[in-house]
There are 2 protein chains.
Amino acid sequence: MALTDEAIKRIKDMIVTGELRPGDRLPKEADLADRLGLSRSSLREAVRALSLIRVLDVRQGDGTYVTSLRPETLLDTVGFVLDFHGDDSVLYVLEVRRILEPAATAMAARMMSDREIESLGSLVSVTGDVSASGDIDGLNELLAADLEFHRRIALGSGNPVLASLIDSLSAPTLRSRVWRGLTQENAVARTIEQHQAIHQALIAREPDVARAWATVHIAGVEEWLRRSIGTAGA
Amino acid sequence: MALTDEAIKRIKDMIVTGELRPGDRLPKEADLADRLGLSRSSLREAVRALSLIRVLDVRQGDGTYVTSLRPETLLDTVGFVLDFHGDDSVLYVLEVRRILEPAATAMAARMMSDREIESLGSLVSVTGDVSASGDIDGLNELLAADLEFHRRIALGSGNPVLASLIDSLSAPTLRSRVWRGLTQENAVARTIEQHQAIHQALIAREPDVARAWATVHIAGVEEWLRRSIGTAGA
DNA sequence: GCCCGGCCATACATCTGATGAATCATCGGA
DNA sequence: TCCGATGATTCATCAGATGTATGGCCGGGC
């Protein structure tokens, strides 16, 4: 195994075993390199790699620290990784979302506080306002509101791993050309209706209903995309 | 933004835009560094980082290549990332598995070929044989068989993203001390029974039944772990 | 006494150049 | 034809030097 890979493993082990805890500062490059028995250059490659996946946080002039290592931090690496997939994988991702989001939404119907649920209302209505204006900026805002709406509900499940996963899986779906097409065939109105329905189900504390609407919501996007790919090709 | 981070983004863009395709070879370090306007050292850090998440594959004496970028390749980064979480996150992970695996199992009941389902039988029976002997080596084999059983079914869903995700989420569960404890209270027998039940449901092509058994199976582990943590502490 | 701005030690960022090691293709001999 | 030696290519690793951002110390002013 390459020295750098060895270093990655060593640092990982230091964290896993608890020798290094979240927030801890690593020895300075020169010292750590010496301790691990390799050059600064090679060590830096290891640190940079662990930095990319958000395990380490390097601050010039300050030092290198272990991140919080919380699920929401580590799992957004998933989003980065998914960026590399082509549109063909979007369908598979969407299928996974169709499994996870309804479950999360049902959980949220039980777990979210009344205040949290109420605050979702603004997102739903913002969405509505935007659709009325219908300009391009508005669409971006709509997209952001949609993402935030789903993010809040996922968080409402009470499971940070689930929430982060959903969040990561949502990004590539939206980044793809999906929305451009969707907004062209008045799917905007349908999306808003479904968001409202989900919101209502949460207010009513009806997990099953919330789950069903979430499924309908995702399946709608999925079905449209399936048709779109079928006709438009790659 | 740091030069190296810039380089990471540039290389990522080259791949996302299709300038670099899976399997393609990158220009040699010196040339690419020159083209991106940075030193070889800095470029190497970028390449190493992308190599850690399985986007690039560096081969000494040969060159640097873009990997297949298939979901199963990219998503096993998730497993690496999850290694950094403590046992406290295992419950959250398990909860996600309880959502994903039943769904995948139900899909598998529809999608898997008769031959694939039949081949699962050997895994189930291997499991049984091992439990009879009951030695330590046997337990490791049992663990491997369990992992393989779930992996095959996940693959049987026909969705590689789903399969990879499940696979990645399974690893940390098993790596934790979960199994050590589970095997101590004759949960082995129950596990085997449940595997057999899932297998039977697949043979019968009963998605709902398969889903239910999968839920029961995961929930069993989950419940045991919850109790275990409650009593044993960190 | 408190606050603000500059100075400086520290630590990461980046570059350059050199040497070692693995791989692959080529070429010559059996 | 097959196989092993050889050399070119490319990554692996190191050492040392210089640039740059950060944080804290310290002194002056209010």
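These numbers were taken from a predicted model, which means no experiment stands behind them. A, B, ... follow the sequence lines: proteins, then strands. Residue 1 opens every chain. Because only heavy atoms are used, hydrogens play no part in the values below, and waters and symmetry mates are left out as well, while side chains stay in.
For the pair B:Leu43 CG and C:dA13 C1', the computed distance is 15 Å after rounding to whole Å. To the nearest angstrom, C1' of C:dT19 lies 15 Å from CG of A:Leu3. Per the geometry, CZ belonging to B:Arg44 stands 16 Å off P belonging to C:dT14, to the nearest Å. In this entry the distance linking CZ of B:Arg40 with C1' of C:dA18 reads 10 Å, nearest Å. Atom pair B:Glu29:CD and C:dA22:P shows a separation of 16 Å (rounding to whole Å applied). Taking atom CE on B:Met1 and atom P on C:dA13, their separation rounds to 14 Å, with Å as the unit. Rounded to a whole Å, the CD atom of A:Gln60 is 12 Å from the P atom of C:dC15. Distance, A:Asp62 CG to C:dA13 P: 11 Å, rounded to whole Å.
Checking side-chain atoms of A:Ser170 against main-chain N and O of A:Ile166 turns up a donor-acceptor pair under 3.5 Å.
A side chain to side chain donor-acceptor pair (under 3.5 Å) with A:His217 is found for one member of A:Glu222, A:Arg98, A:His150 and no other, namely A:His150. Across B:Thr77, B:Thr73, B:Asp76, a single residue satisfies side chain to side chain donor-acceptor pair (under 3.5 Å) together with B:Arg54, and that is B:Asp76.
Read 5' to 3', the first and last nucleotides of DNA chain D with an atom closer than 4.0 Å to a heavy atom of chain A are D:dT13 to D:dG23.
Scanning both residues, B:Leu202 and B:Thr105, for their nearest heavy atoms gives CD2-O, 3.8 Å. Residues A:Leu56 and A:Thr67 approach most closely at C-CG2, 3.7 Å, considering heavy atoms. What you find for A:Thr64 and A:Val47 is that their closest heavy atoms are CG2-CG1, 4.1 Å.
Annotation: B:Arg152, atom CZ; neighbour count of heavy atoms from other residues, nucleotides and ligands within 6.0 Å is above 12.
Contact annotation: B:Ser42 does not reach the phosphate of C:dA13 (side-chain N/O to OP1 or OP2, under 4.0 Å). Checking the phosphate oxygens (OP1, OP2) of C:dA11, a side-chain nitrogen or oxygen of A:Arg25 falls inside 4.0 Å.
Comparing B:Leu38 and A:Pro27 by the nucleotide of DNA chain C that holds the closest heavy atom to each, the one mapping nearer the 5' end is A:Pro27.
Using a 4.0 Å heavy-atom distance criterion, A:Ser41 is classed as a base contact.
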